[in-house]
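Notes to accompany the following structure.
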Amino acid sequence: MRQPIYVIGHVNPDTDSIASAIGYAWLLRERDNLDVVAARSGVINQQTAWVLKYLNVDIPFLLTDASPRFEAVARHYDTTTPDRPLKEAWEIFGKTNGIAPIVDKNNVPYGLVTGESLFRLINELVGPHPEKRNTTLNEILEFPCKEAADTSIEKFNKSTRIRDLIKKILREEQSEFWVVDDEGHYVGIVRQREVLNPPRVKLILVDHNEARQSVAALEEAELIEILDHHRLGNPPTNAPIKFTVEPVGSTSTLVSEEITEAGLAPPPEIAAMLISGVVSDTLNLISPTTTSRDHDALSRLSRWAFSDKYVLNEENLDTFAEKILGAGSGLGTQPAAEIIVRDFKTYESGGYKFAISQAEVSDLYELNKHKEKLQQALNQFRKSRGYDFAVLMVTDVVRGSSRLLMENTPAILEDLPYSKDNDGTLVAKGMVSRKKQLVPSILSLLEG
């Protein structure tokens with residue numbers, strides 16, 4: 001079975017992670033004629049869900065684990081049914097190196113005709129009965145297939161990870177196994193030897209390059225390429241790969257540049273998705289991570305997106321950007337625990353392992369109403385994940401400032417350059433970027 005290439009962003013995907021995966025998958029299909037699928041490694045957030053629905057774009061395929069599944073090695077051999085003459089199974093048998101799958105009328109596995117099961121049938125027919133030893137092969141082949149089918153063959157779900165059952169398979173005396181779907185229908189046959197070296201899932205990482213922020217079992221995948229705009233922390237690879245990390249405000253900017261270099265023009269909905277990625281990651285170009293290339297990207301993407309024949313024909317960049325940012329803001333739209341895990345990243349430095357979550361609001365005063373529940377949720381999140389400390393950065397996307405909630409703060413971070421409010425939160429005026437502003441401040445203190 002031919003394996004597609006998955007273009008996938010980081011866990012806890014944000015809008016840029018989803019948009020760049022969709023946009024880059026489109027480019028690779030269009031430019032390179034590759035079998036590429038846009039994927040995600042977690043639940044999408046409220047803002048991304050709004051953008052996808054507004055633009056009528058399909059949500060990317062959910063891939064939470066890159067470990068090979070049984071469907072990757074299953075072979076969909078031809079089948080026959082239990083009551084058909086054995087000669088039909090014999091024809092299949094001769095073309096499949098010695099097996100013939102028997103399924104019922106609903107395509108549910110019944111049994112396998114194998115060399116061993118055929119020998120067993122013949123032995124039962126003529127072994128204890130000398131008078132039947134003149135039974136010819138042609139006569140045997142007129143028997144119904146069910147007479148020669150081994151019905152004890154084990155079944156494995158196509159979505160089950162091979163590594164979870166490899167020891168069990170190697171202990172089995174039988175060499176062939178059924179692969180079925182969730183309803184128990186026939187998908188294919190897998191042989192014991194084929195599970196020992198299954199094809200690896202092929203991945204292109206976008207909007208991240210650190211293994212701890214990536215899909216689970218990344219080490220079992222074949223990593224083909226990385227396209228990102230964050231600090232380096234990439235996993236080792238067995239062979240050279242294409243590796244692009246540029247200091248721009250969003251990965252969607254990099255995708256738009258590659259589309260331009262290819263001389264292509266994306267459909268309006270793809271251009272609009274990439275706009276949403278740039279707007280979300282740069283807070284509509286006010287984040288300090290913003291570069292002139294991000295400005296150019298929005299200008300270029302707007303030309304493609306705002307056409308007379310598309311859903312955005314009554315929008316302009318400013319109104320669309322306002323809706324994008326508004327869709328992702330607010331502390332009262334979700335439980336506190338979900339807000340904490342919606343957009344967090346993990347870091348390690350100076351002997352500390354910690355997490356920084358970020359939530360967006362249109363007014364920082366909104367925090368006053370939800371602070372207690374958020375503080376409790378942040379503490380529970382820290383304990384459950386085993387972090388030394390945790391931070392929630394609540395960002396006003398309109399005025400461009402943030403307030404910080406911290407749990408189990410180490411003494412060394414008392415020197416952070418932010419003023420303390422009466423409620424214990426830290427006020428960070430002018431700070432909107434976790435990556436460019438908050439993380440460097442924390443790392444500089446932890447690393448001395």
(Q) What I'd like to find out is whether the side chain of His295 reaches to under 4.5 Å of the side chain of Thr290, using heavy atoms alone. (A) yes

Q) So which heavy atom on Ala271 is nearest to which on Pro266, and how close? A) CB-CG, 4.1 Å

Q: May I ask you to test the Leu416-Leu426 pair for a side-chain heavy-atom distance under 4.5 Å?
A: yes

(Q) Just so I know, are the side chains of Ile166 and Val195 near enough to count as touching, which here means a heavy-atom distance under 4.5 Å? (A) yes

(Q) For the residue pair Asn12 / Asp343, report whether a side-chain donor-acceptor contact shorter than 3.5 Å exists. (A) no

Q: Over 60° means perpendicular and under 30° means parallel, so classify the ring planes of Tyr387 and Phe344, tilted if in between.
A: perpendicular

Q. Can you tell me if Arg434 uses its side chain to pair, donor with acceptor, with the backbone of Ile356 under 3.5 Å?
A. yes

**Q.** Check: Ser287 main-chain N/O paired with Ser433 side-chain donor or acceptor under 3.5 Å
**A.** no

Q) In terms of side-chain heavy atoms, does Tyr24 have a donor or acceptor partner in Thr251 at a distance below 3.5 Å? A) no

Q. Which residues satisfy the side-chain contact (heavy atoms from CB on, under 4.5 Å) test with Thr260, sequence neighbours excluded?
A. Arg300, Trp304

Q | Worked check of side chain to side chain contact (heavy atoms under 4.5 Å, CB included) between Glu348 and Asp388 | A | CA-CA 10 Å; Glu348 292 185 35; Asp388 295 301; over 6 Å; no

Q: Verify the distance criterion only: is there a donor paired with an acceptor across the side chains of Gln47 and Thr15 at less than 3.5 Å?
A: yes

Q: Could you tell me whether the side chain of Asp104 and the main chain of Val108 form a donor-acceptor pair under 3.5 Å?
A: yes

Q.
Could you check whether Arg293 pairs with Glu257 (Lys NZ or Arg NE/NH1/NH2 to Asp/Glu carboxylate O, under 4.0 Å)?
A. yes

(Q) Could you check whether any side-chain N or O of Glu176 sits under 3.5 Å from a backbone N or O of Val190, counting only pairs where one atom can act as donor and the other as acceptor? (A) no

Q.
His229 and side chain to side chain donor-acceptor pair (under 3.5 Å): which single residue from Thr253, Thr289, Asp281, Asp294 fits?
A. Asp281

(Q) For the CG atom on Asp58, are there more than 12 heavy atoms of other groups (residues, nucleotides or ligands in this structure) within a distance under 6.0 Å? (A) no

Q | Any Thr244 side-chain heavy atom under 4.5 Å of Ile226 side chain | A | no

Q: Answer yes if the side chains of Thr346 and Gln213 hold a donor-acceptor pair under 3.5 Å, and no otherwise.
A: no

Q. Under 4.0 Å between a Lys/Arg side-chain N and an Asp/Glu carboxylate O for Asp423 and Lys371?
A. no

Q.
Whether the side chain of Asn316 engages the backbone of Thr319 through a donor-acceptor N/O pair (distance < 3.5 Å, no angle test) should be reported.
A. yes

Q) Under 3.5 Å, is there a donor-acceptor pair between the side chain of Asp363 and the main chain of Tyr365? A) yes

Q) Between the side chain of Ser41 and the main-chain N/O of Val11, is any donor-acceptor distance below 3.5 Å? A) yes

Q: Any chance you could lay out the side chain to side chain contact (heavy atoms under 4.5 Å, CB included) test for Asn408 and Asn379, step after step, and finish with the verdict?
A: CA-CA 8 Å; Asn408 205 40; Asn379 188 40; 5.7 Å; no

Q | Reported CG-to-CG distance for the pair Leu404 and Leu438, which is rounded to 0.5 angstrom | A | 5.5 Å

Q) Have Ser175 and Gln192 got a donor and an acceptor in their side chains that come within less than 3.5 Å? A) no

Q: Taking Ser276 for its side chain and Met273 for its backbone only, find out whether a donor-acceptor pair lies under 3.5 Å.
A: yes

Q.
What I'd like to find out is whether the side chain of Ile275 reaches to under 4.5 Å of the side chain of Phe306, using heavy atoms alone.
A. yes

Q) What's the verdict on side chain to side chain contact (heavy atoms under 4.5 Å, CB included) for Arg40 and Ile18, showing C-alpha distance, side-chain angles and the deciding distance? A) CA-CA 7 Å; Arg40 59 190 170 96; Ile18 296 296; 3.6 Å; yes

Q. So, do Val73 and Pro199 sit near enough that their side-chain heavy atoms are less than 4.5 Å apart?
A. yes

Q.
Check this for me, if you would: do Arg342 and Glu338 make a salt bridge, where the nitrogen-to-carboxylate-oxygen distance has to be below 4.0 angstrom?
A. no

Q) Of all heavy-atom pairs between Glu220 and Ser67, which one has the smallest distance, and what is that distance? A) OE1-OG, 2.8 Å

Q. Are Ile5 and Val37 close enough that some pair of their side-chain heavy atoms sits under 4.5 Å apart?
A. no

Q. Will you find, in the side chains of Gln375 and Glu407, an N or O donor that is under 3.5 Å from an N or O acceptor?
A. yes

Q: Taking the six-membered ring for Trp and the full ring for Phe, Tyr or His, determine whether the centres of Trp178 and Phe156 are under 6.0 Å apart.
A: no

Q | Asp181 and Asn157 side chains, donor-acceptor separation under 3.5 Å | A | no

(Q) Quiz question: by atom type and distance under 3.5 Å, do the side chains of Asp296 and Ser299 form a donor-acceptor pair? (A) no

Q: May I have the step-by-step check of salt bridge (Lys or Arg N to Asp or Glu O under 4.0 Å) for Glu258 and Arg31, ending in yes or no?
A: CA-CA 10 Å; Glu258 291 215 22; Arg31 182 190 65 191; 3.3 Å; yes

Q) Has the side chain of Glu194 got a donor or acceptor atom that lies under 3.5 Å from a matching backbone atom of Arg191? A) yes

Q. Is any side-chain N of the basic residue among Arg69 and Asp65 closer than 4.0 Å to the acidic one's carboxylate O?
A. yes

Q.
Counting only heavy atoms from other residues, nucleotides and ligands, does the tally under 6.0 Å from CD of Glu172 exceed 12?
A. yes

(Q) Parallel, tilted or perpendicular, judged at 30° and 60°: which one describes the rings of Phe354 and Tyr347? (A) parallel

Q) Is Arg75 atom CZ crowded by more than 12 heavy atoms from other residues, nucleotides or ligands, each under 6.0 Å away? A) no

**Q.** Candidate pair Asp14 and His10, rule side chain to side chain contact (heavy atoms under 4.5 Å, CB included), full reasoning
**A.** CA-CA 8 Å; Asp14 57 16; His10 51 75; 3.5 Å; yes

Q: Consider only side-chain N and O atoms of Ser252 and Asp16, and report whether a donor and an acceptor are under 3.5 Å apart.
A: yes

**Q.** Neighbour count above 12 (heavy atom, 6.0 Å) for Glu322 CD
**A.** no

Q.
Keeping Glu366 on the side-chain end and Leu331 on the backbone end, is there a donor-acceptor pair under 3.5 Å?
A. yes

Q) Are any of the side-chain heavy atoms of Pro267 and Trp26 separated by less than 4.5 Å? A) yes

Q: Go through the side-chain N and O atoms of His208 and Asp228 and say whether any donor and acceptor fall under 3.5 Å apart.
A: no

